[in-house]
Amino acid sequence: MTTLRGMAWDHPRGYEPLIAASNEFSKIHADVSIKWDVRSLKEFGDMPIESLIERYDLITIDHPYMGQAHKNGLLQKLEKFISSEKLVELAGQSVGPSFISYQYNKHIYALPIDAAALVGAYRNDILTDRGLVLPHSKEELKSFYSKLPGDLFVAWALCPTDFWCTFLTLCAQNAGRDFVNDKGVDKQVASLVLDEIKSHLDYLHPDAMSWNPIQILDHMAANDEIIYSPYLFGYTNYSRDTYAKKLVHFCNSPINKKGISTILGGVGLAVSAKCSSPNVAAKFVEYVAGEEMQEGIFTENGGQPGNLRAWTSDKNNVLCHNFFKDTLLTLENAYVRPQFPGWNQIQEQGAELLHDGVAKNRNSEKVIDDLNDLFQTITKDENV
């Protein structure tokens, strides 16, 4: 009997579809058992995986960690275990840039089993009842604020981690994909974006600076107070009839002329470099990422698939009230974060730095100077 241990992230979307897929895999491979543990969403995004590779064979991972994983030899190169024909097929079935986001230095270190980006969320019942129309651009968003009655709010997810994601999104929308490199961010672009975010704060729900997407969506589904959020990571769970008290619909985020939508999220499934049965583990990764599992059991069990066939499935769109159809444009034009070694440290510390700077209304240029000093310090230590 081969027993594999896996590390997922602590949300029904994160672990329930993997447990279901594992059970199906074990029906086909009776000599394989897969057990799953979970870590928090913040740990998934920021926590180094060095501490996981000794204990876990299968690890869910965020794509910016690929450079660090490559440099330190933390993950198996999946092209050693999965045929080139299959990898080409899966690349062609990728939702937006999800597949290529797990490539680094010509190696593939994970396969996309979950696709996400910042999208819009709204209460369609309230919107219809009040005769309001969703904004499709940042200009329309400012106008939308002025049309809201006093009992309704717009919310942005602006806790430190999500503030960082929104900051990167707006920088890429305003200036293209090259505003950041291992030396730092473009000071003029980034300073203007901080000022842009500050300009929205007076119009937002008072808890916006402390909320993550799950907190907003929970509040949105339980109360008739938040009508719209333009930038948060989507969760199909809230667009399913039986998940929460009130149904939340999702849409594309406001997109501008640059053709860049929002920051790419999602989840890759990787195999630890210390795995004693890498062939079996890679076979499971291939199985979970495949169109049949993604379109069926994975999505049916609360998953948010990374395979395009699942996103274009009529059955899945009925199940999730067109979540996939109505957000696909955003995914197709998503911005992929850098992957160089040290990025996760920059992400974690930079998020706190920016959040604190805006919360204290510090001069935006000085905040960005501090951020670029952080880049220099961390990448110097990593010898990037």
Side-chain angles (χ1 to χ4, degrees), residues 13-14 17 44-45 60-67 78 86-104 108-121 136 157 162 164-166 168-180 213 230-236 239 250-270 285 288-291 293-295 298-299 303-314 316-317 320 322-339 343:
R13 169 182 148 198
F44 164 78
T60 54
I61 192 166
D62 196 13
H63 66 262
Y65 207 76
M66 297 303 100
L78 293 181
K86 186 63 177 180
L87 291 174
V88 168
E89 176 185 308
L90 291 172
Q93 296 172 357
S94 171
V95 177
S98 295
F99 184 91
I100 62 171
S101 73
Y102 299 103
Q103 289 180 322
Y104 190 84
I108 180 77
Y109 285 105
L111 292 183
I113 60 167
D114 176 294
L118 297 187
V119 295
H136 298 290
D162 294 282
W164 178 255
C165 293
T166 301
L168 295 177
T169 287
L170 298 180
C171 286
Q173 285 189 351
N174 291 353
R177 301 175 191 273
D178 298 327
F179 71 91
V180 59
Y231 301 110
L232 51 63
F233 284 110
Y235 284 75
T236 70
S239 64
F250 293 83
C251 59
N252 294 305
S253 285
I255 295 176
N256 73 348
K257 61 185 178 181
K258 293 287 183 184
I260 296 171
S261 56
T262 65
I263 195 170
L264 183 71
V267 180
L269 186 58
V285 172
V288 178
E291 62 177 303
M293 172 55 62
Q294 289 270 294
E295 185 176 350
F298 192 90
T299 303
Q304 190 163 300
N307 192 293
L308 185 59
R309 304 295 178 89
W311 279 64
T312 56
S313 160
D314 290 340
N316 289 341
N317 275 289
C320 299
N322 286 332
F323 173 97
F324 303 107
K325 174 184 175 183
D326 290 344
T327 61
L328 184 56
L329 180 64
T330 295
L331 271 292
E332 289 175 336
N333 293 282
Y335 164 71
V336 180
R337 285 164 282 172
Q339 298 174 308
W343 174 263

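Given the structure is predicted, the values throughout are model-derived calculations rather than measurements.
Note: Asn317 CG to Trp311 CH2 = 9.0 Å, rounded to the nearest 0.5 Å. A distance of 10.0 Å separates CD of Gln173 from OG1 of Thr166, quoted to the nearest 0.5 Å. Atoms OG and CG, from Ser253 and Leu232 in turn, are 7.5 Å apart once rounded to the nearest 0.5 Å. For the atom pair OH of Tyr335 and CG of Leu264, the computed distance is 11.0 Å after rounding to the nearest 0.5 Å. Atoms CG and CG, on Asp162 and Leu118 in that order, are 7.5 Å from each other to the nearest 0.5 Å. Interatomic distance, CZ of Phe233 versus CZ of Arg13, reported as 9.0 Å (0.5 Å rounding).
With 3.5 Å as the limit, one finds a donor-acceptor pair spanning the side chains of Asn307 and Gln93.
Among all heavy-atom pairs drawn from Gly268 and Tyr102, the shortest one is N-OH, 2.9 Å. Listed here is the closest heavy atom pair of Arg177 and Asn333: NH2-O, 3.8 Å. A pairwise comparison of heavy atoms in Pro17 and Gly303 identifies CG-CA, 3.7 Å as the closest pair. Nearest heavy-atom pair, Gly266 versus Ala116, reported as atom, atom and distance to 0.1 Å: N-CB, 3.6 Å.
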Any chance you could lay out the side chain to side chain donor-acceptor pair (under 3.5 Å) test for Thr330 and Asn252, step after step, and finish with the verdict?
CA-CA 5 Å; Thr330 295; Asn252 294 305; 2.9 Å; yes

Let me see the working for Asn174 and Phe179 under side-chain contact (heavy atoms from CB on, under 4.5 Å), right down to the final yes or no.
CA-CA 9 Å; Asn174 291 353; Phe179 71 91; over 6 Å; no

Go through the steps to decide whether Val95 and Leu328 satisfy the test side-chain contact (heavy atoms from CB on, under 4.5 Å), and finish with yes or no.
CA-CA 8 Å; Val95 177; Leu328 184 56; 4.1 Å; yes

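Looking at residues two or more places apart in sequence or on another chain, you find no side-chain hydrogen bond (donor to acceptor under 3.5 Å, both in side chains) involving Glu295.
Within the 4.5 Å cutoff, the side chain of Thr299 has no heavy atoms near those of the Gln294 side chain. Proximity of Leu111 to Leu90: side-chain heavy atoms (C-beta onward) are separated by under 4.5 Å at one or more points. Using a 4.5 Å heavy-atom cutoff, the side chains of Leu78 and Tyr109 are not in contact. Under the 4.5 Å side-chain criterion, counting only non-hydrogen atoms from C-beta, Phe250 is not in contact with Cys320. Within the 4.5 Å cutoff, no side-chain heavy atoms of Leu331 are placed close to those of Phe324. The shortest side-chain heavy-atom distance between Pro338 and Val180 falls under the 4.5 Å cut-off. Residues Ile108 and Leu87 form a side-chain contact, since some pair of their non-hydrogen atoms from C-beta on lies under 4.5 Å apart. Looking only at side-chain heavy atoms (C-beta outward), Asp62 and Arg337 come within less than 4.5 Å of each other.
Side chain of Tyr104 to main chain of Met66: no donor-acceptor pair is present (N/O by atom type, distance under 3.5 Å, no hydrogens or angles). Using modelled atom types, one side-chain atom of Thr327 and one backbone atom of Phe323 make a donor-acceptor pair closer than 3.5 Å. Of the possible donor and acceptor atoms, one in the side chain of Ser101 sits under 3.5 Å from a partner among the backbone N and O of Ser98. A donor-acceptor contact shorter than 3.5 Å links the side chain of Ser313 to the backbone of Asn316. Side chain of Gln304 to backbone of Thr236: a donor-acceptor contact under 3.5 angstrom is found. Under a 3.5 Å cut-off, the side chain of Thr169 and the backbone N or O of Ile263 do form a donor-acceptor pair.
Other residues, nucleotides and ligands contribute at most 12 non-hydrogen atoms within 6.0 Å of the NZ atom of Lys325.
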